[in-house]
Structure formats: C-alpha cells, structure tokens
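Below is one structure, written out as structure tokens, with a few remarks after it.
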Amino acid sequence: MNKNKLLGLLILSAAVAYLPACSKKDSSTQNNNTIYVDNGDDAPTIDPAMSSDVTSARVIYDLFAGLVDFDQKNQPIPGLAKRWDVSPDGQTYTFYLRDGIKFSDGTPITADDVVFSWQRVSNPKTASPYNTLMSNVVNGQDIIDGKLKPDTLGIKAIDSKTVQVSLVNSDPSFLQICTMPNLFVVSKANLTKHGDKWTDPKNMVVSGAYKIKDWVIKGHMDLEKNSNYYDVNNVSIPNVVILPITDFNASLNQYSTGAIDVTNSMPVDQYKKINKEYPKDAHTVAMEALYFYDFNMSLPKYRDNLNLRKALTIAVDREALTKDVLGQQQTPSYSYVSKTIEQGSFSNLDYDWSVISRDQQIALAKDLFTKAGYGPDHPLEININYNTKDINKKIAIAIASMWQNTFGEKSIKVTQSNQEWKTFLKARRSGDFDIARDAWSADYDDVTTYITKFSCNSPMNYTKYCNKDAEALLQQAQQAPSPDQRINLINRAIDKAQKDYVIIPLYQETYFRLVKPRVQGYNIDNNHFDHVQSKWYKLQ
Amino acid sequence: MLKFAIKRILVSVPTLLAIITLVFFLVHITPGNPFDGERALSPEALKSLMEQYRLDLPIWQQYLLYLNDLIHGNFGISMKYLGQSINGLLFPDNMGGFWVTLRISLYTMIVAVPIGILFGAYAGLHKNSWFDKIVVAGNIFFTAVPTMVTGPLAVLILAVTLRLFPAGGWGDGDFMHLFLPVSVLIFAYAPTIAFVTRGSVIDVLSSNYIRTARAKGLPTKSILFKHAIRPTLLPVISLLGPMFAGVLVGAVVTEQIFTLPGIGVLTTNAATNRDYNMIMAITILGSTLTIIFNIIVDILYMVLDPKIKQ
C-alpha cells in the first residue's frame, strides 16, 4: 500500500466514524410548542416526599399537585381542593376536592390518596427530610419519632372528596405549608403496585400539569402536558425540556445561541457584562434567603462575652460587603429575619446602630472590643470556617479585613479555613468551629422558617444557643388569639434573641437569571421564593 | 496466546480486589455521610435511611455484602439520586451515561490515532523539517493548554460568535452536537500520539539493525514497512491502552463544558456527595477498563514483538 492510499484510507475511516450520527435535526431549533429551561442540575429525586432541594422541587411543582396551589407571589390558592373551611379555633381544616380530578393514568384522585400521601411523609420509614412539616398535625411528632403508627396521623378522609386535617396548635402558616412539594399528592394504587420503582418514568403516575416523556440523567428531562390535569386548559406550552446545566458559563453560552429560554444561574464574574448585553432579559430578584455567620456559643470565649459578639457584629461594613464585594444588588441585613417575609411584618427589627454613620459604628465597635477585654496586649484569635466556594472565600476575606482594620492587626488575628461541603456540614453540626458560615432560604412565606436558625432545640441552630424568654414568647405566639398579637409576640421574641448577638447577619441574597423575551406569563421580579411552575409560561 | 490472556486476566483479579478494598474503606472513613444536608434529618428518618443503605452495619459486614452484590453484577443504589440504581445511571436504556462517553471516546480515538501516528511518523522521517517542528510545537502547546481552555474557546468562537455549531448538549448525538467536544478531545490526544510516534520513529531509524539494512542496500520502502514499522508501533501501543481508558473515564471537563450526559459529569460530584456506591462503581469501572486495555496492549505486544512471544 503506498502512502497516498494509506492516507486516503485513514481520512475515510475518520469520516465514517462521524457519519452514522450525521444529519439528524438540531435540538436547539425552537418552536412555540417547547420551552427549554435550565434547572442547574438534575433533580436528586422526583418523589415529593423525599424532596429537600430547589432542583427537585422545581420539577415536582410541574409533576405533582397539592390540595393547595400557589401563585407567582407564593401565596396559597385553591389546588386539588376547590375550597376549604377552617374551624373557629383554627385547629381543624376541611378540604373539599374538585370534581372529576384524575391522575395522569386516568384514575380518580380521591381523599384516600391525599391521606396516603401525607401519612407517607410522616412515616419514618419513608425518611422524608421534610417530615417536620407534619409535626403540628395531631400525632405527627410521635409518628416522626417512631412512637406511633403513621395511620394515627391527624388526617382523615370524610368521604371520597373531603379531607379533614387536625392540628395540635392553630397555625396561620398552615396553608403555606400545604403548598410545599412534599405534601403534593401521589397515587396510592401506583405506589402500592410499583413499590420502590414507582418513580421510574415508565411506571410513574402524576397529579400535576406535566408528566415525564423521557429522562436522560445529566442530559435532559422532557415533560409533556398531562391531559388529565384539572387545570389543563390553562397550561399553555405542550412540552417543557428541563436541562441540568451545572456550569454557569455553559448555560450562558447556550442561552446566547438560543438553545435555552430560561437560565438557572449566571456566572457571577460576568454580572455587569450580562446586564449590559441583555438589559431586557436579565433579572436580579431579591430572594427570601439570608447569609450570616454563627458564633459557636459552646465556646466560653463567645458564650461569656456579649461585648465581643456585639463588637464583631457591628464592625462588619455591610454596605461595602454588598456593593463592593458582592455587587449583585444584595441588601445589607441587620436582623435575624428578612424585611420582606410576611409582607414586611418583621421589618422593624434592625439593630439601633444600623442607622448611625460608619464612623460611629467603628467607634462603637472599638469601644465594645476594649470592654470585651481584647487589645494589642491581649489579642483575639478568630477562625472563620466556610465550605469551599469562591463566594464564601471572598466574603470571609472581606470580613476578616474589616475586623482587622477596625480593631487593628495587633489586636485581632483572623484565620480562615475552608472545608469541602460534607466535612464542613459535619463540623458545623457537631460544634467543631469558631465562627461558621451559614445561610437559610425560607421555605414558605412565614417568619418561623428563619426562627429555626436560633430557636432552642432546633437541629438547624448551630450556635447551640437558647434564650428561654424568647422561646416562651414564641410558644405564646403559637396560641395567639389574633394574627396581630401573633406578629407582636414573634417580633418581641426575635428582638430578645437578637440582643444576645449569637448570629452575625450579613445580607439578603438575590438570584440572577436570564429569560428570553418570547417567554411570557412568568412574573419573575415578584417571585422572591423562586418557586416556579412551567404552567405559568406562555410562548410568543 | 489464549493461555497468556487467561493468565493475565486471573492475575488482574487480585489487583482489582485490592483496589476495591482500598477505595471502599477510604470512602467510608471520610468524614460526613451521604444524607447530610443544610437541613438536618430527624433521627428516626436518618436511622431509616442508614438501614436502607446498610450503613448501620459494621463496616466489615458492609464490605462483604458489597462484594456479594458486586459478584452478582449489582453496583447498588445511588445515595444522591435517591432510589436510582447505579447500573441504571451508568448504563441506562436510553442514550446517556457510559454509552455517551463510549461514543465520544471511540470517535476521538478513531480520528486521533491515525492522524497522530501519521503526523508523528512523517515528522520522525523528516526530523528537523518545518513539519517536524510544528508537530513538536503542537504537542507542547496542547499539553500546556488543557481542554479546560480549548473547550470554552472553541465554544466561544465557533458556537457563540460564528454560530456554526450548538454551544452544548447531546442533541440526538448528531454530527453538529458532537463536532466540538470530539474535536477538542482529538486536539488533546492526537499531539501526544504524534509526539510519541515521532520519537519512536527517530529511535528505530537510528538503531543498528536499520543502519545494517540500509548498508545492505535495501530500498527505503522495504526498510520502513518491513523492518521499522513494528518496533515503531510498540511504544505507541503501550501509550494507547491507558490513553483510551483515560478518555473513557476522564472526559469530565469536556463533558461539563459541552453539557454532555456522560459518566464524567455523573461522577464529578459523587465524592462531594459521599455517594459511596457511585464512587465505588466508577473506581471499579476505571480500574477494569485500565486492566482490560493493558491486557490488550500486552497481547498486541506479543503479536508485534517476537522477543516477547518467546
């Protein structure tokens, strides 16, 4: 074989390698029947009971429906239940299901399915990460603790279309809780038939607006309209393709070539450039989520020194942090809860010193630091512990330098240690830290969602702090006869806890997303919880 | 030869077992557990999950049960993708997981190997020519500039700016979607193949027996294709075995940049999520592939090198 022949053969073999795959259609070709949405990753689970992350929730909102649905401001609206009654003591809710509602396989959705779905969440064998949602339902906590059987849960089917739920305490946020994906309704018959395999798309029966047509993990999840959905006439787009793009740059590239209609997140370092390039598509939305630091209150250094905790809290320049370090329209935070939760009912809790000038703040912090017993002769050593992530590192460096600038490098020595995610979680949970990064996203529009971060005995309270007076006020709030009194009592409780300075509030987070102008019906700027349903989308 | 292959396979079993044992105990002693999250699980729920995944048992028992599952071809259930089997995630019925990675790797090697050998051989035969210098410089350049750089650059220029190709995704596994990722991988691997071939050609051509052949007056064509080609290919083949195994389990960056549903991206977060079963499966898959390719290389060596045959 001569050289030319050999070369020809090699080129031919290369071409043949490519050929079998040639000439198929380009999937990015878009039409009005399909919308392409980036969800940032694959859903770890599509079982409503097991969902505990935003990625899973985003898909479950499309696949399943609950008794109560939510609007684009995350407020409860009728879902599978057309209406409900609340008893005068607020402890009994009676839900009336819509007529003729069906699962995707055409079988009727009955009160039995609702009872089954809720009992399943409370059952420790299911191991739902959100089983605490059931703790205020009669017997809920005992079932979660394994003391009672799930069928004793305070929910019963009065008839095939009526469900009654009994609560331990009246709870104004109960309807909000009902909008959580964990309480969405699954088919008892389907789960009984397929057991562990019920979430396999081949077996899966759903109650929501869409059902799964195809799912390639790390590729795409193709959804199609569920013709048996109760509100199918208001579902505009027949097909939704959910993409699991983890790389922000890859998502931006695909958006710019028209392959995606709605992104999940964007590269932070290109924030200004993207805003300039896509002024109409780019949305920065205040999120119902807070970023803060925890003091380890089991350490005498912090536990016995309020002045020190106060000095460190005041010395942080939150304006500089949000504007210069982060720069994505985050807002400084001076309280343990956000200003936006429950329509601003807890917006007057900012620390007094938040309104004084920065120079005055520094003077105050310095004074407290000296009173705390620290200075050049007795320097303070601090370690900021965070999970490995660029943004956490940036913030830790900024705060360390703010402390050093305020108190002087000879008076304070700040070190930082980063740990990979799971190691960090373990260290924080077991109290193996000095000051730890923390953050919390509200699950629903209720202030108690933030209170779990500092209330006594809460597993999410990593400071290991407990203010019994604040706790007593919170207990009273649960029994409060009127909504105003409840708000008043909770305000007092938070104020009391805040005066102990166990958390350093830093800022309220935002999310940054691109939405193609052809996508209508998605009121993103008011969606502070970032709970989204594809049925809202319309395509021009 | 069959005897040799069987012997090699039998020898590789303890190697594989040693790897499995080591990785199993290493991942299990790493702090943190698969079900840790920002939201703490209730003790009863955690207990139930630990039971479901047998994590409540003593570690030696877990190990023996894992080996038993493995013998039955079962990699277990994922701890990140709750309820999904690792076998299903790695080898799904539809086009994803290993099948995607395999296709990309095959296309890459089918193009990169002949081009690399051809370019390398030509450069070696024409040592110090401009072509040779390009091959050497190309190897240095693409070794120094990884796919982490060439990938996004290719996307930026050819997809985002010129709009010639999609910026990512698998599509239907069509030419347009595969062109960029496969090309990036070809540029990552072909220069190395070329460089090794070049070195080998230069070595062989300057060896004594080739000089003797030349002295005897044999025509160049006969020297190259009869005497030089076999020994030239030996180092290239020993490079290709681990390289192919490397592409199959190591195209992580490329898969991430081009958002392809291969096993690379599937396993990126396995370690951070403490998805023990996924980490184990990937390790076993990677080790098995490396062992298989090494056996193939050894067999090819036997075919090409009579000295080894003896």
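Chain letters run A, B, ... following the sequence lines, proteins first and then strands; every chain starts at 1. Fair warning: this is a prediction, and the values are worked out from it, not measured in the lab.
Looking at Q52(B), the atoms closer than 4.5 Å to chain A (heavy atoms on both sides) all sit in the side chain, from C-beta outward. With a threshold of 4.5 angstrom between heavy atoms, N94(B) approaches chain A through side-chain atoms but not through N, CA, C or O. There is no contact between N387(A) and chain B, counting heavy-atom distances below 4.5 Å. Contact annotation for W440(A): only side-chain heavy atoms (C-beta onward) come within less than 4.5 Å of a heavy atom of chain B. If you measure heavy-atom distances from P34(B) to chain A, the contacts under 4.5 Å come from the backbone alone. Contact of V160(B) with chain A is made through backbone and side chain together, with heavy-atom distances under 4.5 Å. Neither the backbone nor the side chain of S251(A) comes within contact range of chain B; no heavy atom of the residue lies under 4.5 Å from a heavy atom of that chain. Only the side chain of D41(A) comes within contact range of chain B, judged by heavy atoms closer than 4.5 Å. Of the two parts of L89(B), only the side chain, counted from C-beta on, holds a non-hydrogen atom closer than 4.5 Å to a non-hydrogen atom of chain A. Of the two parts of L260(B), only the backbone, made up of N, CA, C and O, holds a non-hydrogen atom closer than 4.5 Å to a non-hydrogen atom of chain A. The part of D438(A) that comes within reach of chain B is its side chain, from C-beta onward, which places non-hydrogen atoms under 4.5 angstrom from that chain. When heavy atoms are compared at a cutoff of 4.5 Å, Q84(B) approaches chain A solely by way of its side chain, counted from C-beta outward. Interface remark: K147(A) contributes no atoms to any contact with chain B (heavy atom separation under 4.5 Å). Contact annotation for D214(A): only side-chain heavy atoms (C-beta onward) come within less than 4.5 Å of a heavy atom of chain B. For Y255(A), no part lies near chain B; criterion is any non-hydrogen pair under 4.5 Å. In this structure, the portion of N33(B) lying under 4.5 Å from any heavy atom of chain A is its backbone and not its side chain.
Between chain A and the residues D36(B), L49(B), D93(B), the largest count of heavy-atom pairs under 4.5 Å involves D36(B). When S256(A), S56(A), A439(A), A43(A) are compared by the number of non-hydrogen pairs under 4.5 Å with chain B, S256(A) comes out ahead. Ranked by heavy-atom pairs under 4.5 Å with chain B, the first of D145(A), D247(A), T246(A) is D145(A). Considering only heavy-atom pairs separated by less than 4.5 Å from chain A, the leading option among K47(B), R163(B), Q256(B) is R163(B). Counting heavy-atom pairs closer than 4.5 Å to chain B, the top-ranked of the candidates T45(A), N131(A), L243(A) is N131(A). Options S441(A), G219(A), S458(A) differ in how many heavy-atom pairs under 4.5 Å they form with chain B, and the most are formed by G219(A).
Closest heavy-atom contact between T259(B) and A250(A): CG2-CB, 3.9 Å. In terms of heavy-atom proximity, S128(A) sits nearest to A45(B) at O-CB, 4.3 Å. Contact record, I217(A) with P261(B): O-CB, 3.5 Å, taken as the closest heavy-atom pair.
Atom CE of M95(B) has more than 12 heavy atoms from other residues, nucleotides or ligands within 6.0 Å. Within 6.0 Å of atom CZ in F165(B), more than 12 heavy atoms from other residues, nucleotides or ligands are found, so the atom counts as buried in its surroundings.
The OG1 atom of T257(A) sits 12.0 Å away from the CG atom of L164(B) when rounded to the nearest 0.5 Å. Note that CD1 of I77(B) is 7.5 Å distant from CG of D196(A), once rounded to the nearest 0.5 Å. In this structure, S85(B) OG and K197(A) NZ are separated by 6.0 Å, a value rounded to the nearest 0.5 Å. With rounding to the nearest 0.5 Å, the separation of OG in S52(A) from CZ in F35(B) is 11.5 Å.
The backbone N or O of P124(A) sits less than 3.5 Å from a side-chain atom of S48(B), completing a donor-acceptor pair.
Salt bridge annotation for K80(B)-D42(A): absent, with no cationic side-chain nitrogen under 4.0 angstrom from a carboxylate oxygen.
Within residues 419-427 of chain A, the residues having any heavy atom under 4.5 Å from a heavy atom of chain B are, by residue number, E420(A), W421(A), K422(A), T423(A), L425(A), K426(A).
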